[in-house]
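Input: a single structure, listed below in C-alpha cells.
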Amino acid sequence: MTLSFNPDTVSLPVGHFIGDRLVPAEGVVGMHRPSDGKSYAGCPLADEAVIDRAVETAKQALKASNWGGVRPRERTVALQRWADLIEREAAILAKLEALSSTRPVGHLVAGDIAVSAEQIRFFAEFADKEGSDLVPTDDANLGMIMTEPYGVVGAITPWNFPVSMAAWKLGPALAAGNAVVLKPSEMTPFSTIFLAELAIRAGIPAGLINIVLGDGPVTGNAITGHPDIAKVSFTGSTGAGSAIMANIARTGVKPMTLELGGKSPQLVFADADLDRAAAAISQSILANAGQACVAGSRVIVEESVAAPLAEAIVARMKTAKAGPTWDEATAYSPIISERQLNRIDGIVAAALSRGGECLFGGRQMDAPGYFYQPTLIAVRDASSPAITEEIFGPVLTLQTFTDEDEALALADHPTYGLAAGLFTRDLSRALRLTRQIQAGTVWVNRYSRSRDHILPTGGYKRSGIGKDLGREAYQANRKSKSVLVSL
Ligand code: NAD
C-alpha cells in the first residue's frame, strides 16, 4: 500500500478539541502548504474564554476520573492502548501532518509516528515504577518525599516535528497523573487534534487531553498566564521562551520547562573516520531541511582535512531528493513558510557579502513550494550571521582550526548550548572535550538521537531550562512534598 496521497482530498478537523469532541471554530489564521505554497485552510484562534473552558474541562476530568489517584498501572495500560492506536492509524495521522508540515509522509510513518508511540509507552511505564522515597532520619522520626501530579499542565509545541513534540509533552504529563491543555503551532495543528481523538478511542478519560488552536500572543499567553494551569512545558524559539518567562512572571509564578533554540557545532579532528563524519554531518542538516533544534549547523574541522570533508559533504548534499511531503518517495523537505524561506536566503546573502565562500547551494530551489538548496558555506568571520544566528534551514557553515583550544573556542556559542558533535578516534580527546563542551547533549562519532528514550534532551545557556525525554521529563510532571512524622 502506498502512503502517497492527493493533498486536496484530506478533510481537516478545524476547531479545538475539548473534552471528548471537536468544537468547530472559524479558521482565521491563513495556512499555506509548504510543499506547493497553496493556501488550504485557516487556523482558529482560541481566546481567553476558550482557554477557560479547556482548563475547566481538564479540572473536572481530573476530579471525575481520579486520574492522579487510580492504581498507577491503569494509567500505564491506557497510555499503551493509545500508543497502539497511534501506530494502527499512522497513515491517517501522517496525512494530517504531511499536508501542513515539512515532514515527508514516508518518514512520518516509519520514523516520527512509530518513535512517538514508543516514547508514549516508555513514559507509561514510569507510572507504576517511579515513586516517592523514604529518607534517612533519626529513629524518632519518619521522613518521606511524596510526589504528586501538578493538576492541569499547559503545553505549547512548535511546527517542526508536531506529532513527536506533542508526544514528548503529553506522554510524561499524563503518565504522571496530570491533565493537559496543549496548543500546537498555528502552522501545523491538525495532527495533534487527531492524537486527542485517538486518546478518547483508546479509553483515556475525556477531558484529560484538550487541544486549543491559536497563535502565541493570544492563545499562548492565555495558557501560560492562566491561574489554574499549574505548570508550563514549552518547546520553541528562545525569543518565545523569554516572552513566556515574562508572562509567567507577570501573571503568577509557576514551574516551567523550556526547550529552546540551538546552533550546534560539530567538531571534526584529522584522525576521525571522515566518511562516517561526512555522513552524520550531512544527515544532520538534510533531515527536515535543517529545521531541527539540534541541527548540527556549524562544522568546525581541523584545517588539514577540511577540503576532503567538504567534498564528501557536498557529494551527499547533491543526492538530496526534494519533493512534496505527500509523496512517499520524498526525502528532502520544504521550508515551513515563505517568510522563513526569505529569512534563510537573507542570512546566506549576508554571510556571502561578508566574505563567506559558497561551496554548494546558496539559493532557493527552482520548484513550486518553499524549497531551499542544501548549502555549505566556508566562513572565516566568526561574527557572520550564518555563525551567530539559528538559521533553521539546510545551511551548514564550515570553519577550520589548528588545535584543540581553537576548536573549543569556536564551538562555544554565546547564546546556545543545545547539542554538539565530536568526531575523533582518540578516546582520551573525546572524553576530555566532552567534559568541556557547553551543551546539554554531546554525540561522539555520530550525530543523532538513538531510540534510547532514557537519555534526556535539553539545553545549556539560553537553549532552555529542564529536560524532555528521560526520567527527568516524567519527574518534571510531579511536584514533591517533604513529610516528617514524629514517631
Ligand atoms: P516559535 O517559538 O515561533 O513557536 C513555538 C510555539 O510557541 C508555537 O506554538 C507558537 O504559537 C508559540 N508561541 C510563540 N510565541 C509565544 C508566546 N509569546 N507565548 C506562548 N506561546 C508562544 O518556534 P517555531 O518557529 O514554531 O519552532 C522553531 C523553534 O523551536 C526553533 O528555535 C527550534 O530550535 C525550537 N525547537 C526546540 C526544540 C528543543 O527540544 N530544544 C525542539 C524543537 C524546536
Side-chain angles (χ1 to χ4, degrees), residues 29 31 34 43-46 48 51 100-103 112 119 154-169 181-189 191-192 211-226 229 232-251 256-264 287-297 335-337 339-341 343-344 389-393 413 415-419 439-441 449 455-470 472-473:
V29 182
M31 301 175 74
C43 177
L45 199 58
E48 281 184 13
I51 304 305
S100 313
S101 82
T102 58
R103 304 294 303 131
D112 308 29
Q119 287 166 335
I156 297 175
T157 52
W159 50 262
N160 60 338
F161 295 96
V163 165
S164 308
M165 295 298 105
W168 287 15
K169 304 298 184 201
V181 174
L182 186 150
K183 187 196 90 59
S185 166
E186 58 274 35
M187 288 189 265
T188 55
S191 51
T192 310
I211 310 298
V212 289
L213 271 46
D215 66 2
V218 176
T219 311
N221 256 339
I223 292 174
T224 58
H226 198 286
I229 285 191
V232 168
S233 181
F234 172 75
T235 297
S237 61
T238 295
S242 298
I244 287 170
M245 287 182 92
N247 194 43
I248 289 177
R250 194 178 60 77
T251 53
M256 59 192 149
T257 307
L258 303 177
E259 300 296 339
L260 308 177
K263 186 70 185 172
S264 300
N288 209 25
Q291 299 163 106
C293 54
V294 291
S297 53
I335 303 304
I336 187 70
S337 65
R339 184 161 159 252
Q340 177 59 7
L341 186 71
R343 184 177 166 271
I344 294 169
E389 287 196 36
E390 182 183 42
I391 300 176
F392 229 57
H413 193 282
T415 309
Y416 298 117
L418 194 56
T441 292
R449 289 196 178 89
L455 284 167
T457 176
Y460 280 19
K461 301 185 184 177
R462 281 175 238 166
S463 286
I465 299 174
K467 304 283 183 182
D468 271 343
L469 295 179
E472 280 87 340

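Ligands are counted one by one from 1 in listed order, and the atoms in each one are counted from 1 as well.
- Remark: ligand 1 and Pro158 share no N or O pair separated by less than 3.5 Å (distance only, no angle test).
- One N or O on the side chain of Gln340 and one on the backbone of Ile391 form a donor-acceptor pair closer than 3.5 Å.
- No part of Phe161 comes within 4.0 Å of ligand 1, judged by heavy-atom distances.
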Requested in this report: Carefully, step by step, assess Ile51 and Val212 under the rule side chain to side chain contact (heavy atoms under 4.5 Å, CB included).
Outcome: CA-CA 7 Å; Ile51 304 305; Val212 289; 3.7 Å; yes

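- Near Phe392, meaning under 4.0 Å from one of its heavy atoms, ligand 1 places the atoms 28 (C), 31 (C), 33 (C), 34 (O).
- Regarding atom 39 (C) of ligand 1, its nearest protein heavy-atom neighbour is Cys293 SG, 3.3 Å.
- For atom 4 (O) of ligand 1, the nearest protein heavy atom lies 4.0 Å or farther away.
- No donor-acceptor distance shorter than 3.5 angstrom exists from the side chain of Asn247 to the backbone of Ala243, with no hydrogens or angles considered.
- In terms of polar-atom proximity, Trp168 is not counted as a contact of ligand 1, lacking any N or O under 3.5 Å from an N or O of the ligand.
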Query raised in the report: How far apart are the C-alpha atoms of Trp168 and Thr457, what are their side-chain angles, what is the distance that settles it, and do they pass the side chain to side chain contact (heavy atoms under 4.5 Å, CB included) test?
Result: CA-CA 11 Å; Trp168 287 15; Thr457 176; 3.6 Å; yes

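- Of the possible polar contacts, none joining the Ser100 side chain to the Thr188 backbone as a donor-acceptor pair under 3.5 Å is found.
- Residue Thr157 touches ligand 1 through its backbone alone, judged by heavy-atom distances below 4.0 Å.
- A heavy-atom separation below 4.0 Å is found between Thr235 and ligand 1.
- In terms of protein heavy-atom proximity, atom 7 (O) of ligand 1 is nearest to Phe234 CE1, 3.1 Å.
- If you check which protein heavy atom lies closest to atom 13 (N) of ligand 1, you get Gly216 CA, 3.5 Å.
- Protein heavy atom at the shortest distance from atom 20 (C) of ligand 1 is Gly220 CA, 3.4 Å.
- No side-chain heavy atom of Met165 sits less than 4.5 Å from a side-chain heavy atom of Ser185.
- Between Asp215 and ligand 1, not a single N/O pair is under 3.5 Å apart.
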Requested in this report: Could you please spell out the steps behind the side chain to side chain contact (heavy atoms under 4.5 Å, CB included) verdict for Asn160 and Phe392?
Outcome: CA-CA 10 Å; Asn160 60 338; Phe392 229 57; 3.4 Å; yes

Requested in this report: Give the C-alpha distance, both sets of side-chain angles, the deciding distance and a yes or no for side-chain hydrogen bond (donor to acceptor under 3.5 Å, both in side chains) between Asn288 and Thr102.
Outcome: CA-CA 7 Å; Asn288 209 25; Thr102 58; 2.7 Å; yes

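- Looking only at heavy atoms of the protein, atom 35 (C) of ligand 1 is closest to Gly236 O, 3.2 Å.
- Nearest protein heavy-atom neighbour of atom 18 (N) of ligand 1: Ala243 CB, 3.6 Å.
- Proximity of Glu186 to ligand 1, defined as any heavy-atom pair under 4.0 Å, is confined to the side chain (atoms from C-beta onward).
- Applying the salt bridge (Lys or Arg N to Asp or Glu O under 4.0 Å) criterion to Lys467, with sequence neighbours excluded, gives no partner residue.
- Heavy atoms of Asn160 found under 4.0 angstrom from ligand 1 belong exclusively to the side chain.
- Proximity to Ala240 (heavy-atom distance under 4.0 Å) selects the following atoms of ligand 1: 2 (O), 14 (C), 15 (N).
- Applying the ring pair (Phe, Tyr, Trp, His ring centres under 6.0 Å) test to Tyr416 and every residue at least two apart in sequence or in another chain returns His413.
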Query - Chi angles and distances behind the side chain to side chain contact (heavy atoms under 4.5 Å, CB included) call for Val163, Arg103 - result: CA-CA 10 Å; Val163 165; Arg103 304 294 303 131; over 6 Å; no

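- Put simply, part of Ile156 is less than 4.0 Å from ligand 1, judged by heavy atoms.
- At a cut-off of 3.5 Å, with distance as the only test, a side-chain donor of Lys169 or Thr235 sits close to an acceptor on the other residue.
- When the shell of 6.0 Å around CE of Met245 is examined, it contains 12 or fewer heavy atoms from other residues, nucleotides or ligands.
- Below 4.0 Å from some heavy atom of Pro184 lie the following atoms of ligand 1, by number and element: 9 (O).
- Residue-to-ligand polar distances place Glu390 within reach of ligand 1: an N/O pair is separated by less than 3.5 Å.
- Under a 3.5 Å cut-off, the side chain of Lys263 and the backbone N or O of Glu389 do form a donor-acceptor pair.
- With respect to atom 1 (P) of ligand 1, the closest heavy atom belonging to the protein is Ser237 OG, 3.6 Å.
- At least one N or O atom of Trp159, backbone or side chain, sits closer than 3.5 Å to an N or O atom of ligand 1.
- Of all protein heavy atoms, the one lying nearest to atom 40 (O) of ligand 1 is Glu259 CB, 3.4 Å.
- A heavy-atom separation below 4.0 Å is not found between Gly459 and ligand 1.
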